[in-house]
Structure formats: C-alpha cells, structure tokens
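Order of the sequence lines fixes the chain letters, A, B, ..., with proteins taken first and strands second; residue numbering starts at 1 for each chain.
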There are 2 protein chains.
Amino acid sequence: MIRLKDIALRLGVSAMTVSKALRDEPDVSVATKTKVKKLAAQLGYVPNAAARSLRAKSTCMFGLVIPSLINPIFARVVMALEERAHEMGWEIIIAQSLNRADREENCIRRLLSRRVNGIFLSPVYRIEAHAPIYEELRRQQTPVVILGHRALFCERFSNVETDDIAASRATTQHLLSLGHRKIACFIGPPFAPWAQERFEGYRQAMSEAGIPLDDQLIFQAGSTIEEGQAAALEMINESTPATAIQATNDLVAIGAANTFLAQGVQIPRDLSIAGFGNILTSEHYRIPLTTVRQPKYRQGIAAMETMQNLLDGKPNELKRLPSELIIRQSTGPVPRS
Amino acid sequence: MIRLKDIALRLGVSAMTVSKALRDEPDVSVATKTKVKKLAAQLGYVPNAAARSLRAKSTCMFGLVIPSLINPIFARVVMALEERAHEMGWEIIIAQSLNRADREENCIRRLLSRRVNGIFLSPVYRIEAHAPIYEELRRQQTPVVILGHRALFCERFSNVETDDIAASRATTQHLLSLGHRKIACFIGPPFAPWAQERFEGYRQAMSEAGIPLDDQLIFQAGSTIEEGQAAALEMINESTPATAIQATNDLVAIGAANTFLAQGVQIPRDLSIAGFGNILTSEHYRIPLTTVRQPKYRQGIAAMETMQNLLDGKPNELKRLPSELIIRQSTGPVPRS
DNA sequence: GCAAGCATGGCAACTGTCCGAGAAATTATC
DNA sequence: GATAATTTCTCGGACAGTTGCCATGCTTGC
C-alpha cells in the first residue's frame with residue numbers, strides 16, 4: 001500500500017509537503033501540488049484512515065446498534081442514516097443486539113473501542129440510567145441518539161421517536177368509533193419499549209371511553225406471525241367475546257387473521273383486526289390491513305440531524321414524529337349479532 | 001479517554017507491561033496482571049482500535065457494498081454476515097450503491113481508505129475486469145467476495161451465488177408442465193445481473209421445450225410493484241394471448257396480479273403468475289404466490305467462510321447454493337378455452 | 001565460583017498522518 | 001545591493017498501541 005512517504009521519496013520532497021498538497025493547503029506552490037497529485041493518482045494512493053483518525057482524534061465513524069437487520073422497520077432508518085453519512089463522507093458500523101441486553105452491551109463496548117464519534121441506538125429494554133454501560137457512555141461523553149423510547153437522562157443523549165402511543169390510541173379510537181367495545185389487545189414482548197407504548201395507547205383510549213380494562217381481552221402475542229396465530233387460537237379456545245383485535249404489529253395481526261379466516265370467520269364482517277407498522281405485506285394481504293404508518297425514513301434523517309447537533313455541542317433534544325393511522329379493509333362496524 | 005499510559009503511570013510500571021498484561025502475554029507475573037486488569041476495569045479503559053490497527057496493519061473490519069438496505073433479500077445476507085463478524089470480534093461497515101455504478105465505486109474507494117481487510121460486494125452491473133475500480137482492488141490484493149453474479153477474474157476474488165438460472169428454469173418448466181405454452185416473461189432492469197440470469201433460465205427452459213422466444217411475450221417490467229402494474233396494463237392493451245406470466249421478482253408479480261385481479265381475471269383459473277424471491281408478502285398475498293426461495297442467510301454464512309479462506313491465503317472459489325421453487329396457488333393448469 | 005537458564009519488565013523503534021515552528025528560497029522594497 | 005516580506009518547504013514531535021530485543025535479578029547445575 002502506497003504511503004505519503006512513498007510519494008515524497010519519489011518526488012524528493014517531504015511527506016509533509018505531500019500531505020499538504022493533497023489537502024490543498026495554501027502554503028504549497030501550484031507546481032508542486034500538480035506534481036504531487038498526478039503521482040498520487042498514478043500510484044493509486046489512498047490515505048490511511050486509521051492513521052488520520054489517530055492523529056485527528058476523530059474517526060468520522062458512527063456506530064449503529066439495532067435489534068435486527070431483517071426487521072424492515074429498521075431497514076428504512078438505516079437506509080436514511082447511511083445516505084446522510086455518505087454525503088458527509090462518514091462511515092457507519094452496524095451491530096445487531098438480537099434483542100439481548102448482553103449483546104447490546106457488547107456491541108456498544110466494541111463501538112467505543114473503535115472510537116466512533118457517535119452511536120445510534122435502538123435499545124432492547126427501556127433505558128435505565130444506572131445500567132453500567134449507559135453510565136460508561138455518559139462518562140465518556142459519547143453522543144448517543146436513541147431511536148424511539150425516550151431516555152433523556154444526560155446531556156449527551158438525544159431522542160428521536162415516532163409517536164406510537166398517539167398512533168395506537170388513534171387505532172383504538174377508530175375501533176371504538178365503529179361501535180366496538182370488546183376490543184382484544186394482542187400485546188408484544190412485555191419488556192420491549194415499543195410494545196409497552198402500543199399497549200399504553202390502547203389503555204389510554206379505553207380509559208377515555210370509560211371502558212375498564214378487561215384481563216380476558218389481553219393476550220401475550222409476541223411479535224411474529226406464529227405467535228399471532230397462537231394467541232388467536234387461545235382466544236378461540238376461551239371463546240373470548242371480542243369483536244375486534246388490536247395487534248402489537250402487522251405480523252401478529254396477520255397471524256391472527258390467518259387463524260380466524262381458516263375457521264371461517266369473516267373479516268371485517270365478524271371480526272375487525274388492526275395491525276401496526278404498515279409493512280408491505282399488510283397492504284397486499286388477503287384483506288388489506290388497517291394499520292399505522294411510521295415515518296421511519298424521516299426518523300433516520302432526523303436522527304442524523306440530532307446527532308450533528310450533539311457533535312456541534314448543542315444541547316440534547318427530543319424529537320417526536322407523528323405516525324399515521326391507515327384505515328383499510330380489515331376493520332369495519334361492530335357486528336349486530 | 002483512558003490510555004495505556006494512564007494506567008501505567010498510576011501503577012508505576014511501563015505502558016508495555018500494561019499492554020502485555022491486558023493481552024495475557026506470558027512474560028508478565030500473575031500479580032501484575034491482576035493489578036493491571038483491576039485498575040483497567042476500574043478506570044473503564046477501552047483500547048483504541050485505530051492505534052492498534054495502525055501498528056498491526058490489520059483493521060479487523062470488513063466492508064459491505066450492496067444496492068439497497070431496504071431490500072429484504074439483502075437484509076438476510078447482511079444479518080448472517082454481521083452475526084459471524086460479531087463472533088470473530090470484527091466490524092462491518094455498510095455502504096449502499098443505490099444501483100448506481102459511480103456510487104458503488106465511491107463506496108469501494110472509501111472502504112479502501114478505511115483499510116478494511118476484505119469487501120463483500122453485490123455489484124450493480126455485471127463485473128468487467130477492466131473497470132478501473134476493480135483493477136485497483138486487484139492491484140491492492142484486497143480480498144473480495146462477490147455476492148451473486150459470477151466474476152472470478154483474479155485470484156483474490158471469490159464468488160458466492162444462489163443458482164438463479166436453474167431456479168428460473170425450474171419455474172418455467174413448472175409452467176410448461178401445467179400445459180402453458182404462451183408464457184409471458186416480465187424481465188427486470190436490463191443491466192442488472194440478477195435480471196439477466198432469471199431471463200436466461202426462462203430462455204433455456206423454453207428452448208429445451210422447443211418453443212421459440214416470442215418478442216411479443218417479453219415485457220420490460222423493472223423491479224417494483226408499480227412497474228409490474230404498468231407491464232400488465234401494456235399486456236392487456238396489446239391483448240397478448242399469454243396464459244401465464246413469469247415475473248423477475250415477487251413485487252413485479254404482485255403488481256401484475258393486482259392489475260389482472262382488478263380487471264376480473266381469475267388467478268390461476270384464467271392466468272398463472274409466478275414470482276421470484278419469496279418475500280414475506282408473496283406467502284400472504286391474496287393468492288399465495290408461486291415463487292423461488294433463495295437461501296440468503298446461508299449465502300451470508302458461506303460468504304464469510306469464503307472470505308476467511310481468502311484471508312488465509314487459500315485460492316479463490318466459486319460457491320453456488322441451490323434455490324428452490326415453491327409452488328403455491330398462483331399457478332395452475334392452462335385454461336381449456 | 002562461574003556459566004547458563006529463567007521469569008519479569010523496560011527501552012527504543014515503528015505504524016501513517018498532521019500540527020506548530022522554523023528554515024530556506026524567492027520576491028518586493030528602499 | 002542590502003534588507004525586509006513573503007512564499008514554499010522541512011523538521012521534530014505527537015497520536016496510542018505493539019514488536020523485538022535487551023536488562024535486570026534470581027535460581028540452578030556443574
């Protein structure tokens with residue numbers, strides 16, 4: 001690999017001059033600059049980013065820690081982040097936590113070792129300020145942008161979230177406005193912040209409508225199609241009298257819908273089902289799914305803006321982007337029975 | 001940020017000793033090691049990867065260049081790569097080419113500047129050995145694993161592909177076995193290697209069946225739902241007498257199916273449609289789609305194995321993983337008419 | 001008693017780049 | 001023609017860690 005010194009030796013100048021020439025600093029003559037640049041191009045010189053980072057005390061890299069890369073919801077965020085980083089000439093190192101706190105901690109620690117200038121993090125659990133790894137991030141003054149799930153506990157942590165509570169509430173209100181009163185809630189993993197928020201929206205809307213929460217209507221459904229199917233079977237076995245289901249995400253909603261359709265239940269005539277997330281499949285499902293669209297690309301853009309503010313030394317901030325209820329054909333008026 | 005030297009100063013030993021102690025080298029006493037490790041943990045010491053890379057002439061990083069992060073097909077590959085890299089304690093830098101050759105080149109150049117130890121690349125165009133950027137990769141002896149679309153033109157390039165030609169041929173053969181003779185082919189972007197391969201499979205099967213290619217049955221359909229719809233409309237306008245459609249991917253198939261269903265055409269009674277890729281939506285579409293499953297996760301695993309072989313100085317290789325035709329309900333016997 | 005061996009730890013050098021300071025060469029001014 | 005001002009270039013050092021070799025001080029063997 002060609003170094004500055006190699007170019008310098010061949011031209012009979014110092015490495016310093018080459019460095020300055022390539023960076024177009026003013027105190028190098030035009031003649032030398034062109035000579036240097038020409039030879040550099042000819043030799044295929046590529047500066048060594050590690051050496052530059054060491055010297056500059058800045059790596060021009062970001063770290064990104066998300067639960068999973070195959071979740072299409074995150075894919076859009078990552079896409080936006082990568083595009084912005086590319087424009088800046090910065091790089092992004094990816095890391096998956098696979099929904100495990102120990103792995104998340106491990107990922108963060110390795111990113112710190114890489115001396116990334118900032119970390120984008122979608123945490124597995126609701127962030128606890130006292131967890132050792134967050135404590136360490138705070139101590140190291142590392143800028144962190146949390147994707148969703150508020151955690152503004154120190155001045156180098158910002159937060160960019162989609163308003164899932166409001167959107168979930170709007171979904172429940174939509175079902176209420178169709179006359180439903182017995183609305184089952186298929187909730188996600190109890191530890192997951194996003195699942196908690198979606199349940200919170202349901203809870204608020206029911207409370208506002210004066211309907212007490214009914215344990216019999218609440219099902220643990222995880223986050224996959226299979227888990228949605230299992231919860232639906234449970235509901236059938238218990239002859240739960242719900243006229244609508246609000247699911248924690250589209251996959252669970254589809255799993256549930258598959259099960260009910262297989263039993264001859266008609267959707268939405270006999271049963272309304274709403275999802276969350278607006279994945280592609282929800283639009284092209286047998287019964288196009290009522291769901292919530294989250295502005296994930298915009299969340300990525302906003303996250304990068306927020307990160308740059310932190311890097312500029314500006315105070316931390318909390319951005320909340322509106323999510324939007326999309327009413328399709330899987331929800332309808334309550335059956336007269 | 002804590003350095004080796006800081007720990008050394010506090011303990012009254014040299015930085016060398018600390019370095020050796022933390023790496024568990026044999027020539028440091030157990031007593032010193034425990035003392036050093038304890039203080040390091042207490043101070044939250046994190047080694048500087050940039051400095052280490054500079055000295056070691058190895059960054060323990062891979063680069064990954066793919067067209068788009070939101071394509072679920074790539075997501076599985078990336079997931080597998082990240083998991084394996086994590087096990088090795090290596091990092092992955094992501095870069096999107098967004099299907100543009102200039103951007104791809106730019107991404108590769110930046111990865112070279114980062115001195116990644118290897119690059120995983122899913123090229124935009126069929127690789128031409130003489131393109132300057134590939135020439136440069138070859139000259140720098142950078143190990144490259146091409147994801148799909150064979151390009152074994154130098155000893156540091158390996159290739160891991162899914163056998164799309166065979167799978168596409170199997171799809172056409174499936175349609176032929178159902179009695180179809182007028183099989184329309186909705187082909188993808190003409191420059192894209194994957195689109196070329198899928199068309200090639202169709203071509204081979206038709207040729208083997210003794211059916212000459214008919215230009216009237218071949219439609220440029222791009223790679224999106226909208227393009228699939230447009231191609232279907234074109235087919236309707238031209239009253240093309242096809243009894244089946246083989247689409248370049250699932251999205252195009254779904255776009256086409258949507259259009260025909262809206263016109264009252266019944267699938268598969270009046271028209272068979274096959275996709276490619278087995279995205280989630282294809283399984284849960286109104287008419288579950290006949291398509292091809294590509295072993296993308298396994299492709300990622302195989303790619304990492306191949307990369308390690310290259311790093312170990314072993315010769316380059318070509319791995320081809322079988323793709324599998326999945327017959328669902330969107331294809332059926334040719335209508336009797 | 002002397003050489004050899006061993007365990008432990010330190011010094012200098014090196015990785016590639018860039019900053020600050022100053023030297024050398026060129027040009028401008030009187 | 002001498003000095004001052006400016007341009008152009010070089011030198012030493014720093015960044016944080018690792019490698020190879022050497023310097024201890026101690027034990028062992030003959």
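Using a 4.0 Å cut-off between charged side-chain N and carboxylate O, A:Arg109 and A:Glu136 make a salt bridge.
Shown here for B:Ala50 and A:Ser53, the closest heavy-atom pair between the two residues is CB-CB, 4.3 Å.
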Quick one, give me the B/S/- string for nucleotides 8-18 of chain D, reading 5' to 3', where B means a protein heavy atom under 4.0 Å from the base and S means that only happens at the primed atoms, P, OP1 or OP2.
BBBB-BBBBBB
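With a 6.0 Å radius and a threshold of 12 heavy atoms from other residues, nucleotides or ligands, A:Arg10 has its CZ atom at or below the threshold. For A:Arg76, the CZ atom counts as loosely surrounded, since its 6.0 Å shell holds 12 or fewer non-hydrogen atoms of other residues, nucleotides or ligands.
Counting heavy atoms from C-beta outward, A:Ile146 and A:Pro123 have side chains that approach closer than 4.5 Å.
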